[in-house]
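Below you'll find the structure, written out as structure tokens, and then a few comments.
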Protein chains: 2
Amino acid sequence: MPKPLIESKKKYHHGDLRGQLLEAVRQLIEISGPDGFSISEACRLAGVSTAAPYRHFADRTDILRGVVDLAMDRLQGAMQAASDAYPDDTIARVSAIGQAYIDFARHEPGVFRTMFGLTEGHGQDEDLLRKGQASLGVVRRAVAEHLGLAPETPEAGLKSYALWTFVHGHSFLVIDSKLETLEMPVPEDRLLDMVGRSILGPRAAG
Amino acid sequence: MPKPLIESKKKYHHGDLRGQLLEAVRQLIEISGPDGFSISEACRLAGVSTAAPYRHFADRTDILRGVVDLAMDRLQGAMQAASDAYPDDTIARVSAIGQAYIDFARHEPGVFRTMFGLTEGHGQDEDLLRKGQASLGVVRRAVAEHLGLAPETPEAGLKSYALWTFVHGHSFLVIDSKLETLEMPVPEDRLLDMVGRSILGPRAAG
DNA sequence: TACATATGTAAGCAACACTAACTTAGAAAG
DNA sequence: CTTTCTAAGTTAGTGTTGCTTACATATGTA
């Protein structure tokens, strides 16, 4: 039994098995994607037995949901922080939010893909949907303020959706690495700026 | 031996096992995603033994590549057809190409996701990359003609990329079904038209 | 001490990718 | 028409992996 190696640190009651398991799964997803990871592997990584997770999660899908849930919070946090960094310039603010979104995808591509490709097992999860809407809300408020409208306005909704869509698509193309070889025509910040001005600019009304 | 049921139709030499296997895999991918399908299941669906595929494909990844390859052709065909349908109105042409892209994603979401998420096993495939670029070329030519520029122009590249990105992102959001419940602010054709005009419009230069 | 909670051990079992060896059918050659 | 060759399929495995459960064990709390 090669157990007593770091005896002092090994407590039976792990203390944060749930948290560390989620972290392990997150790392594995980054390597092999949402379908590639296995509970066993995550347990090995976290240093616990393969049965331990079932005290904290119902099944495989439930673990994934947990990972995505945390990721949603991180994403929204990053977007909000970017938004707060530009209290004056609304165009720059919108660009910064978009850049935060893209950076998140670039930094955690596996998780990012998981967040949106999670169709199996539970279809729509109430909680996740609400968090998705919250993220979009950050964009919406910035757009609305730029246009001098209330966030609930149809025009604010339309344009923030268009911008989100653009950023979302670019993120996917970036992480799918179609861009190293495919034509990435211009520095990213200039691209963001161009699109932002096109959609939000004075004569861009729909 | 319950074999002689449809004896007349069952030939030992299948004739088009490769083709039918690809079709079976395509259907399975639509249901369970690129990682969800199994060779065994595809064989069951195609009515052949589990070893048969190995005469035609090296391994699992090779089959996937085959499916994606065909899908690329279908996608480009649809885009080109949409382009050809509007010889006069260049704005309508660009919108139609985008709509064809979105329709493809909506109609074959699993395959669509597979086409772009295929990072495992072979990273970049020369052939697939070329086909991807060809699809983008359809957009690029339409955009260039609208702007009165050559397709190789940086501006044509930038704007066609921006449009592609937008359509790509919208497609993903559609197939991830974030849109039934999330805010889809306006009919799709109006959305496309608005964005097209914003990016391509006279005062949208970057 | 008694009970609840958290973790480990071990095993069931199902599925799958891939291989080896054999079989069939058609085609080419004589 | 027969022989022979080869491509395409089949049967029957092998080895691996993984999810999940039943039960044992350790720890915390009242």
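Below, chains carry the letters A, B, ... as their sequence lines are ordered, and counting in each starts from 1.
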- What does B:Ser49 touch in the nucleic acid at a heavy-atom separation under 4.0 angstrom: a base, only the sugar-phosphate, or nothing? base

- Query: Just how far, in rounded Å, is C1' of D:dA8 from CG of B:Asp16?
  - Reply: 13 Å

- Touch class at under 4.0 angstrom, heavy-atom based, for A:Arg55 against every strand present: base

- Quick note, A:Asp59 side chain, CB onward, closest among D:dT20, C:dA20, D:dG18 is D:dT20

- Rounded to the nearest angstrom, tell me the gap between atom CG in A:Asp62 and atom C1' in D:dT20. 14 Å

- Query: Over how many whole Å does the gap from A:Asp35 atom CG to C:dA17 atom P extend?
  - Reply: 13 Å

- Among C:dC18, D:dT20, D:dC19, the nucleotide that comes nearest once only the side chain of B:Thr50 is considered: C:dC18

- To the nearest angstrom, how far is B:Leu28 atom CG from C:dA17 atom C1'? 16 Å

- Task: Find the distance A:Arg60:CZ to D:dC19:C1' and express it as a whole number of Å.
- Result: 9 Å

- Query: So, is A:Ser40 close to the D:dC19 phosphate, meaning a side-chain N or O under 4.0 Å from OP1 or OP2?
  - Reply: yes

- Message: Applying a 4.0 Å non-hydrogen cut-off, can you work out what A:Ala52 is touching in the nucleic acid: base, sugar-phosphate, or nothing?
- Response: sugar-phosphate

- Query: How are the rings of B:Phe166 and B:His170 set relative to one another: parallel (under 30°), tilted (30 to 60°) or perpendicular (over 60°)?
  - Reply: parallel

- For the pair B:Asp89 and B:Arg93, find out whether any cationic side-chain nitrogen is under 4.0 Å from an anionic carboxylate oxygen. no

- Query: Is B:Arg65 paired with B:Asp127 through a side-chain N to carboxylate O contact shorter than 4.0 Å?
  - Reply: no

- Is A:Arg60 close enough and on-axis enough to A:Phe37, meaning under 6.0 Å and within 45°, for cation-pi? yes

- Please check the phosphate of D:dG9 (OP1 and OP2 only) for any side-chain N or O of B:His56 closer than 4.0 Å. yes

- Task: Ignoring the backbone of A:Ala51, work out which of D:dT21, C:dA17, D:dC19 is nearest its side chain.
- Result: D:dT21

- After noting the C-alpha distance and the side-chain angles of A:Glu23 and A:Arg26, does the key distance pass the salt bridge (Lys or Arg N to Asp or Glu O under 4.0 Å) rule? CA-CA 5 Å; A:Glu23 170 59 19; A:Arg26 194 190 64 77; 3.0 Å; yes

- Query: Between A:Tyr54 (OH) and C:dT5 (P), how many Å, whole number?
  - Reply: 21 Å

- Message: Please report the distance, rounded to the nearest Å, between CZ in B:Arg18 and P in D:dG9.
- Response: 12 Å

- Task: Return the value, rounded to whole Å, for the distance between atom CZ of B:Phe57 and atom C1' of C:dA17.
- Result: 15 Å

- Indicate, with a heavy-atom threshold strictly under 4.0 Å, whether A:Arg44 touches base, sugar-phosphate, or nothing. sugar-phosphate

- Message: Can you identify which nucleotide, out of D:dA8, D:dG18, C:dA17, has its nearest atom closest to the A:Glu41 side chain?
- Response: D:dG18

